[in-house]
Participant: 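Let me begin by handing over the structure; questions about it come next.
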Amino acid sequence: MSPTYHELVYAVVRLVPRGRVTTYGAIAGFLGLGASRMVGWALNQLTWGSGIPAHRVVNRKGELSGRHHFSSPTLMQELLETEGVLVADDCVQDLKNLFWNPSLELGDDWEYAPTSLNLV
DNA sequence: TGTTTGACCACGG
DNA sequence: GCCGTGGCCAAAC
């Protein structure tokens, strides 16, 4: 079964460590989607049953652009702060330091594998 | 089947 | 360094 870009995005987001954040563009570029919007759209399909830490995905400015899609507008910030990520004015502080680069951490030869979905 | 939309990004002024 | 514009690809209407 060929994975859709949703599944690719989900797999990558699940691999984001606690206390770290990544960006839509990083995921899009890493997956070679070429369209960062698709990442956001894919995450829009997420539900709390998916077990995907979507709160660790922010836009390139570090702003919590997707907070409005959570159960509560402040939930995203709460989750990040719980993981030790400083958030102020809906923006991740010290994004440059907390940024998690998929292609750098996983390597350019990383491939989607169903087993990745079993990780939490 | 064609149009619109979307949790965005890069670029130019 | 901020603002406007184009592009990007797939799903929803």
Side-chain angles (χ1 to χ4, degrees):
Chain A
M1 171 176 175
S2 55
T4 63
Y5 68 87
H6 308 72
E7 295 172 308
L8 292 171
V9 170
Y10 300 158
V12 173
V13 174
R14 281 196 181 204
L15 295 176
V16 179
R18 251 178 87 100
R20 302 292 295 278
V21 295
T22 189
T23 66
Y24 301 97
I27 297 174
F30 172 63
L31 296 177
L33 297 179
S36 310
R37 297 180 147 199
M38 295 293 77
V39 178
W41 206 93
L43 293 179
N44 188 27
Q45 305 299 303
L46 288 176
T47 57
W48 285 115
S50 305
I52 312 240
H55 56 277
R56 295 177 190 153
V57 184
V58 297
N59 63 11
R60 85 170 196 86
K61 290 178 286 190
E63 185 180 9
L64 311 186
S65 51
R67 74 197 141 111
H68 197 43
H69 291 265
F70 282 75
S71 306
S72 143
T74 57
L75 179 60
M76 187 173 184
Q77 178 174 345
E78 293 291 335
L79 290 172
L80 287 172
E81 290 179 342
T82 300
E83 297 183 353
V85 178
L86 296 178
V87 178
D89 193 26
D90 296 330
C91 291
V92 174
Q93 301 304 298
D94 199 7
L95 174 64
K96 184 179 180 182
N97 194 0
L98 297 177
F99 176 67
W100 184 79
N101 191 325
S103 57
L104 188 63
E105 300 289 339
L106 299 178
D108 294 336
D109 56 348
W110 180 86
E111 293 182 358
Y112 169 82
T115 54
S116 300
L117 297 176
N118 294 332
L119 301 176
V120 176

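In the text below, chain A, chain B and the rest are named by the order of the sequence lines, each starting its count at 1. Hydrogens, waters and symmetry mates are skipped; everything else that's a heavy atom, side chains included, is used. Quick caveat, the model's predicted, so the values are computed rather than measured.
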Participant: Is there a side-chain contact between A:Ser65 and A:Val58 (heavy atoms, below 4.5 Å)?
Facilitator: no
Participant: To the nearest Å, give me how far apart CG (A:Leu64) and P (B:dA7) are.
Facilitator: 15 Å
Participant: Under 4.0 Å, heavy atoms only, any strand: does A:Ala28 hit a base, just the sugar-phosphate, or nothing?
Facilitator: nothing
Participant: A:Leu80 CG to B:dA7 C1': how many Å, rounded?
Facilitator: 13 Å
Participant: Using atom NE2 of A:His68 as one end and atom P of B:dA7 as the other, report the distance to the nearest whole Å.
Facilitator: 10 Å
Participant: Would you say the side chain of A:Leu46 lies within less than 4.5 Å of the side chain of A:Tyr10, judging by non-hydrogen atoms?
Facilitator: yes
Participant: Rounded to the Å, how far apart are A:Leu31 CG and B:dC9 P?
Facilitator: 14 Å
Participant: Would you say CZ of A:Arg60 has more than 12 non-hydrogen atoms from neighbouring residues, nucleotides or ligands within 6.0 angstrom?
Facilitator: no
Participant: Taking only the side-chain nitrogens and oxygens of A:Ser65, find out if one of them lies under 4.0 Å from OP1 or OP2 of B:dC8.
Facilitator: yes
Participant: Rounding to a whole Å, what distance do you find between A:Asp90:CG and B:dA7:C1'?
Facilitator: 13 Å
Participant: What does nucleotides 7-13 of chain C look like as a protein-contact string, B for base, S for sugar-phosphate only, - for none, at under 4.0 angstrom between heavy atoms?
Facilitator: BBBBSS-
Participant: Do the side chains of A:Pro102 and A:Trp110 get nearer than 4.5 Å, heavy atoms only?
Facilitator: no
Participant: Rounded to the nearest Å, what distance is computed from the CD1 atom of residue A:Ile27 to the P atom of nucleotide B:dC9?
Facilitator: 10 Å
Participant: Check whether any side-chain N or O of A:Asn59 sits under 3.5 Å from a backbone N or O of A:Lys61 as a donor-acceptor pair, and report yes or no.
Facilitator: yes
Participant: Could you label the plane-to-plane angle of the A:Trp41 and A:His6 rings as parallel, tilted or perpendicular, counting under 30° as parallel and over 60° as perpendicular?
Facilitator: perpendicular
Participant: Can you tell me how far C1' of B:dA7 sits from CZ of A:Arg67, to the nearest Å?
Facilitator: 11 Å
Participant: For A:Asn44, which contact category applies under a 4.0 Å heavy-atom criterion: base, sugar-phosphate, or nothing?
Facilitator: base
